[in-house]
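Let me begin by presenting the structure, written as structure tokens, before commenting on it.
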Amino acid sequence: SDANVRAMKDKKIDLAMLNAHAIASCYMVIEQYAKIGKIPLRVFIQGQESLRYIIVRRASGIKSPADLKGKKFIGKRRAAVDVEMTTNAMLKAYNLSRESVNVLETAETNESLDALKTGAADGAVIQAAVRASNLMELARDIDINFLSFPDDKLQMMLQDLGPAFHKSVVPAGTYRDQSHVIQLPYLLTCIVARSDFQEDLAY
């Protein structure tokens, strides 16, 4: 999303798919856009929820984020600041220091999924929609658990994450062996145009 915003600023592209955090930060000129300045964008389609799943290998013994101490957890991606934001908000909500968890960085989602499959990581933040095909496949291939946040912890996280994040609920039985409802943060995915994009063409 952030790379797409910069490309729109430089007029290299007219339209882009962005998550709501990038849009809100750009509009309010905060966080990663504080130095760049306001970039005039127009949202014209709000699409599906992009959830921030916390997925762990069942063999890791992790039942809750409180159990992440000393574990290898993929919680950072340079091209997607919201992955690290989710990690930091979760650790704060569960009173875990950043140093107490071995936070790993990957370049993209497939790398994170491969690390879960091979056991190179115990858990990860994964950006995906409900019933995403790559997560359906992961749940078929290995034994995993989807961590859920109780209301009080999720509320603390949402307050930390900012106004672009909201609560999502994934029904039980969505994935193989998922017997419980999952509560977690999500961002909307949107299609955005530069402000000088012709309005009649957008319609």
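The shown structure was predicted, so the numbers you read here are calculated from the model rather than taken from an experiment.
Going from atom OG of Ser100 over to atom NZ of Lys71 covers 12.5 Å, rounded to the nearest 0.5 Å. Here the straight-line distance linking atom NZ of Lys63 with atom CG of Asn145 works out to 6.5 Å at 0.5 Å rounding. Within the model, atoms CD1 of Ile144 and OG of Ser60 stand 11.0 Å from one another, a figure rounded to the nearest 0.5 Å. Interatomic distance, CG of Leu188 versus CD1 of Ile23, reported as 8.5 Å (0.5 Å rounding). The OG1 atom of Thr87 sits 10.5 Å away from the CG atom of Leu104 when rounded to the nearest 0.5 Å. Here the OG1 atom belonging to Thr109 is positioned 11.5 Å from the CG atom belonging to Leu138, to the nearest 0.5 angstrom.
When side chains are defined from C-beta on, Asn88 does not count as touching Thr86, because their heavy atoms never get closer than 4.5 Å. Side-chain atoms of Met90 and Phe73, non-hydrogen and from C-beta on, do get closer than 4.5 Å to each other. Residues Ser1 and Asn19 meet the side-chain proximity criterion, which asks for heavy atoms closer than 4.5 Å. Phe149 places a side-chain heavy atom less than 4.5 Å from the side chain of Ile54. Considering only heavy atoms from C-beta on, Val169 stays 4.5 Å or farther from Ile182 through its side chain. Ser97 places none of its side-chain heavy atoms less than 4.5 Å from the side chain of Leu91.
Residues Ser168 and Glu49 have side chains that bring a donor and an acceptor to within less than 3.5 angstrom of each other.
Applying the 6.0 Å contact sphere to CE of Met17 captures no more than 12 heavy atoms from other residues, nucleotides or ligands. The environment of Arg58 atom CZ is dense: over 12 non-hydrogen atoms of other residues, nucleotides or ligands sit within 6.0 angstrom. More than 12 heavy atoms of other residues, nucleotides or ligands shown are found within 6.0 angstrom of CD on Glu105. Around OH of Tyr27, the count of heavy atoms belonging to other residues, nucleotides or ligands within 6.0 Å does not exceed 12.
Residues that satisfy the salt bridge (charged side-chain N to carboxylate O under 4.0 Å, His left out) test with Glu137, not counting sequence neighbours, are Lys117. Not counting sequence neighbours, the partners of Ala24 by the side-chain contact (heavy atoms from CB on, under 4.5 Å) test are Met28, Ala164. In this structure, the salt bridge (charged side-chain N to carboxylate O under 4.0 Å, His left out) partners of Glu84, at least two apart in sequence or on a different chain, are Arg98.
Taking every heavy atom of both residues into account, Pro185 and Leu158 meet most closely at CB-CD2, 4.1 Å. Pairing each heavy atom of Ala115 with each of Ile74, the nearest pair is CB-CD1, 3.6 Å. Among all heavy-atom pairs drawn from Gln46 and Cys190, the shortest one is CG-SG, 4.0 Å. Of all heavy-atom pairs spanning Glu111 and Ala107, the tightest one is OE1-N, 3.0 Å. The two residues Leu135 and Ala128 have their closest heavy-atom pair at CD1-CB, 3.7 Å. Scanning all heavy atoms of the two residues, the minimum distance from Ser50 to Thr189 falls at CB-OG1, 3.6 Å.
Counting only residues at least two apart or in different chains, salt bridge (Lys or Arg N to Asp or Glu O under 4.0 Å) contacts with residues 1-11 comprise Lys11-Asp196. Every pair passing side chain to side chain donor-acceptor pair (under 3.5 Å) that includes a residue from residues 120-133 is listed here, sequence neighbours excluded: Arg77-Gln127, Asp82-Gln127. Annotation: side chain to side chain donor-acceptor pair (under 3.5 Å) contacts involving residues 169-186, sequence neighbours excluded, comprise Tyr53-Tyr175, Asp143-Arg176, Asp151-Gln183, Lys167-Gln183.
Under a hydrophobic clustering in which Ile, Leu, Val, Met, Phe, Trp and Tyr are joined whenever their side-chain heavy atoms come within less than 4.5 Å, directly or via other members, Ile45 and Leu15 fall into the same cluster. Side-chain heavy atoms closer than 4.5 Å link hydrophobic residues (I, L, V, M, F, W, Y) into clusters, and following such links, even through other members, never connects Leu18 to Leu187. Residue Leu201 is not grouped with residue Val192 when hydrophobic side chains (ILVMFWY) are merged at heavy-atom distances under 4.5 angstrom, including chains of intermediate members. Val130 and Val181 sit in two unconnected hydrophobic clusters of ILVMFWY residues. Membership requires side-chain heavy atoms under 4.5 Å apart, directly or through other members. Residues Val5 and Val83 do not share a hydrophobic cluster, clusters being chains of Ile/Leu/Val/Met/Phe/Trp/Tyr side chains in contact below 4.5 Å.
The main-chain N or O of Asn110 is found under 3.5 Å from a side-chain atom of Glu108 such that the two form a donor-acceptor pair. Between the Ser25 side chain and the Ala22 main chain, no donor and acceptor come within less than 3.5 Å of each other. Side chain of Asp67 to backbone of Ser64: a donor-acceptor contact under 3.5 angstrom is found. Side-chain N or O atoms of Arg52 include none that pairs as donor or acceptor with a backbone N or O of Leu184 at under 3.5 Å.
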Item to check | CA sep, side-chain torsions, deciding dist, call: Ile55, Leu116, side-chain contact (heavy atoms from CB on, under 4.5 Å) | outcome: CA-CA 9 Å; Ile55 300 177; Leu116 288 171; 4.1 Å; yes

Next on the checklist: Run Lys92 and Met157 through side-chain contact (heavy atoms from CB on, under 4.5 Å) and show every step you take.
Outcome noted: CA-CA 8 Å; Lys92 183 178 176 183; Met157 289 176 64; over 6 Å; no

Item to check | Derivation of the side-chain contact (heavy atoms from CB on, under 4.5 Å) call for Val81 and His21 | outcome: CA-CA 9 Å; Val81 296; His21 175 256; 3.8 Å; yes

Next on the checklist: Applying side-chain contact (heavy atoms from CB on, under 4.5 Å) to Cys26 and Leu41, what does each step give before you reach the verdict?
Outcome noted: CA-CA 9 Å; Cys26 176; Leu41 303 177; 3.8 Å; yes

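Note on ring orientation: taking the six-membered ring where Trp is involved, the planes of Phe44 and Phe197 are parallel (angle under 30°, cut-offs 30° and 60°).
Under the 6.0 Å distance and 45° angle rule, Lys38 does not count as a cation-pi partner of Tyr33.
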